[in-house]
Amino acid sequence: MTRNFIYASISACAGALTYGLAANEYVSVSITVALLGIAWIVLFMRGLHRFSGLAFAVFVIISLVSLWADVSPVLALAGVSFSLLAWDLTRFHQRLQMTNSQQDARKMERAHFTRLALVIGLSLLGYFAVTRIHVTLTFGAAALLALLGIWGISALVYRLRSLE
């Protein structure tokens, strides 16, 4: 099941960026992005998982550059989110292959997918809240909120890691 989600994530990442770039008449770049997605899938199929981090970084950079090319921010966010999901699932797939029991693997998959859904859901909720709600802050208040956010995310990561 994890393998299918990896293929779907890579395809969705490349598809969102390809569509966004092609819609803004960057056809040659969109073809390149599609070919990079295909290359990532082929590398995963061949078991070359170490290139997953590089592919993730490339797709994040492409997503950032696509914002300058007037691609919809939702499509750029989809590109980043799905590439992050594919990278994380690739790493999880490697750890999952080391388990001996099929039952343990299913439990681990269920727990991991629950955590991923929570993190991605909260991220999307945060994105949509930020784009809809506008508040004027001073620099001190913004810095305090940033520190609070960093502390909250690190506490969440620590909590999730302790549950593994």
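No experiment lies behind these values; they were computed from the predicted model shown. Below, all heavy atoms of this structure are taken into account, side chains as well, without hydrogens, waters or symmetry copies.
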Taking only residues two or more places apart in sequence or in another chain, which ones pass ring pair (Phe, Tyr, Trp, His ring centres under 6.0 Å) with Phe5? Phe113
Mind checking ring pair (Phe, Tyr, Trp, His ring centres under 6.0 Å) for Phe82 and listing every partner two or more places apart, or none if nothing turns up? none
Within a strict 4.5 Å, meaning less than it, do heavy atoms of the Leu89 and Leu116 side chains meet?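 Touching, per the 4.5 Å side-chain cut-off.
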Should Met98 and Arg95 count as side-chain neighbours, where that means a heavy-atom distance under 4.5 Å?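 Met98 reaches Arg95 side chain to side chain.
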Within one Ile-Leu-Val-Met-Phe-Trp-Tyr cluster: [X] and [Y], side-chain cutoff 4.5 Å:
X: Leu124; Y: Val119; result: no
X: Ile62; Y: Leu75; result: yes
X: Phe59; Y: Leu85; result: yes
X: Leu84; Y: Leu64; result: yes

In Å, rounded to the nearest 0.5 Å, how long is the span from [atom1] of [X] to [atom2] of [Y]?
X: Glu109; Y: His93; atom1: CD; atom2: NE2; result: 9.5 Å
X: Ile10; Y: Phe56; atom1: CD1; atom2: CZ; result: 12.5 Å
X: Ser81; Y: Tyr127; atom1: OG; atom2: OH; result: 10.0 Å
X: Ile150; Y: Leu145; atom1: CD1; atom2: CG; result: 11.0 Å
X: Thr131; Y: Leu77; atom1: OG1; atom2: CG; result: 9.5 Å
X: Thr90; Y: Arg3; atom1: OG1; atom2: CZ; result: 9.5 Å

Which atom names give the shortest non-hydrogen contact between Leu137 and Ala142, and what distance separates them? CD1-CA, 4.3 Å
Side chain of Ser66, backbone of Ser63: donor and acceptor closer than 3.5 Å? yes
Assess whether side-chain contact (heavy atoms from CB on, under 4.5 Å) is satisfied between Leu96 and His112, documenting all intermediate values. CA-CA 11 Å; Leu96 202 60; His112 192 78; over 6 Å; no
Linked hydrophobic residues, Leu147 as query - side chain contacts closer than 4.5 Å: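 Joined to Leu147, directly or through intermediates: none.
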Arg106: partners by side chain to side chain donor-acceptor pair (under 3.5 Å), with sequence neighbours left out: none
Please list every donor-acceptor pair under 3.5 Å in which a side-chain atom of residues 13-27 meets a protein atom from a residue at least two apart or in another chain.
unit_1, atom_1, unit_2, atom_2, d
Thr18, OG1, Ala14, O, 2.6
Thr18, OG1, Ser30, O, 3.4
Asn24, ND2, Ala69, O, 3.2
Asn24, ND2, Asp70, O, 2.7

Donor-acceptor pairs are to be reported for all side-chain atoms of residues 33-51 against protein atoms at under 3.5 Å, with residues two or more places apart or in another chain.
none

